[in-house]
Amino acid sequence: MEQNSKHIELSVVIPTCNEEGNIRPMYEQLCLVMEQVHITDFEFIFVDDGSTDQSLLHVRSLRVKDSRVKFIQLSRNFGHQNALKAGLDHATGAAVISMDADLQHPPALIPTLVEKWKQGFEVVYTIRRDDQKVPLLKKWTSKGFYRITNKLSEIPMEEGTADFRLLDRKVVEALRQFNETHLFLRGIIPSLGFKQMGIPYTPNARVSGQTKYSFSKMLRFALNGITSSSAKPLYFSIYAGLFFALLAFLYGLYAVYIAAFTSEAITGWTSIIASILFIGGIQLIMIGIVGIYLGKLFIQSKNRPLYLITEKELKS
Ligand code: UDP
Ligand code: MG
């Protein structure tokens with residue numbers, strides 16, 4: 001991995017997918033904040049994740065005037081997490097902040113992140129405090145996701161933590177060793193150790209454009225998150241199997257009793273069909289869970305790169 005030789009104080013990594021309306025406001029707000037924290041030695045790295053709009057054109061035009069604006073253009077859409085990884089791999093700052101391009105992650109929080117970093121914290125993450133502006137469905141699904149994930153995984157993830165955080169160079173270097181596919185940084189970072197600190201914030205509304213996370217995409221993201229940080233779902237089938245085997249045994253006793261001591265034999269067709277269907281359903285779910293892990297192993301076994309770069313402009 002090539003690196004700029006000069007060490008920069010602060011990098012801001014911004015995964016960008018069709019955010020043409022947000023790039024300029026983002027740049028302007030970031031510049032204001034950099035003035036506030038008296039950092040002139042910074043870089044903003046926009047990672048263009050296969051945008052089909054004018055996003056990259058806007059970034060290029062900013063770069064003409066300010067070479068601290070840098071970019072990496074991925075060869076296609078690799079997804080938010082991989083775009084983020086590309087940015088982290090190429091950032092040179094002593095501290096690296098990652099945030100969304102749509103200004104939902106308020107740049108005004110950056111001074112606090114930097115202050116905590118200067119106090120010695122190596123991971124300064126943020127905790128989203130939702131207010132009324134967030135759609136109820138998103139709020140509930142997000143709550144449910146963190147609750148389930150935390151039940152299942154060994155290392156708890158705080159509710160509302162997103163990919164808006166500051167990482168010290170040490171942590172960024174540690175992350176370089178994580179080249180797993182289906183990357184899920186939210187689950188990895190709490191498990192790294194280091195001195196961590198969380199800061200609450202209220203998200204802004206998206207400035208321009210639309211969210212890239214539909215309900216089905218969020219569901220996939222959640223399933224990916226759970227199966228990335230925990231192998232516990234694989235054990236479900238054992239517990240479920242034991243449970244149903246016990247039920248079947250009891251029901252068997254009952255059937256024997258009916259046949260031996262009553263004249264009501266050959267009833268119970270309904271219960272047989274019902275239990276076959278029910279157990280069949282459970283089996284399908286369990287096979288599905290195993291399938292998810294198997295699929296991940298399959299993809300991982302190919303050991304393909306997480307992202308491919310078309311072009312990059314990273315010189316200061
Ligand atoms: N993003 C990306 N690749 C994708 C989807 C999203 O780089 O495939 C970026 C997007 O441009 C934004 C951030 O990831 O900067 C978060 O996406 P979005 O705002 O759509 O998600 P939400 O905030 O609605 O959860
Ligand atoms: Mg957003």
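Ligands are counted one by one from 1 in listed order, and the atoms in each one are counted from 1 as well. Note that the coordinates shown come from a computational prediction; the quantities given were computed from them, not determined experimentally.
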query: Does Asp102 bring an N, O or S atom to under 2.8 Å of the Mg ion (ligand 2)?
result: yes
- prompt: Does atom CZ of Phe194 have more than 12 heavy-atom neighbours, drawn from other residues, nucleotides or ligands, at distances under 6.0 Å?
  reply: yes
message: A cation-pi test, strictly: NZ or CZ of Arg76 under 6.0 Å from the centre of the six-membered ring of Phe78 and no more than 45 degrees from its axis. Yes or no?
response: yes
query: Can you list the ligand 1 atoms lying under 4.0 Å from a non-hydrogen atom of Asn77?
result: 3 (N), 4 (C), 8 (O)
query: How far is atom 23 (O) of ligand 1 from its nearest protein heavy atom, and which residue and atom name does that atom have?
result: Gln104 OE1, 2.7 Å
Contact partition for Glu19 relative to ligand 1, non-hydrogen atoms under 4.0 Å: side chain
N/O donor-acceptor pair under 3.5 Å between Arg68 side chain and Phe42 backbone: no
task: Could you tell me whether Phe243 atom CZ has more than 12 heavy atoms of other residues or ligands within 6.0 Å of it?
output: no
- request: Go through ligand 1 atom by atom and flag the ones less than 4.0 Å from a non-hydrogen atom of Asp102.
  value: 19 (O), 23 (O)
message: Quick check: Phe46 with Tyr27 (ring centres under 6.0 Å apart)?
response: no
task: Tell me which part of Asp49 gets within contact of ligand 1: side chain, backbone, both or neither, using heavy atoms under 4.0 Å.
output: side chain
query: With only distance considered, is Ala101 within less than 3.5 Å of ligand 1 through an N or O on each side?
result: yes
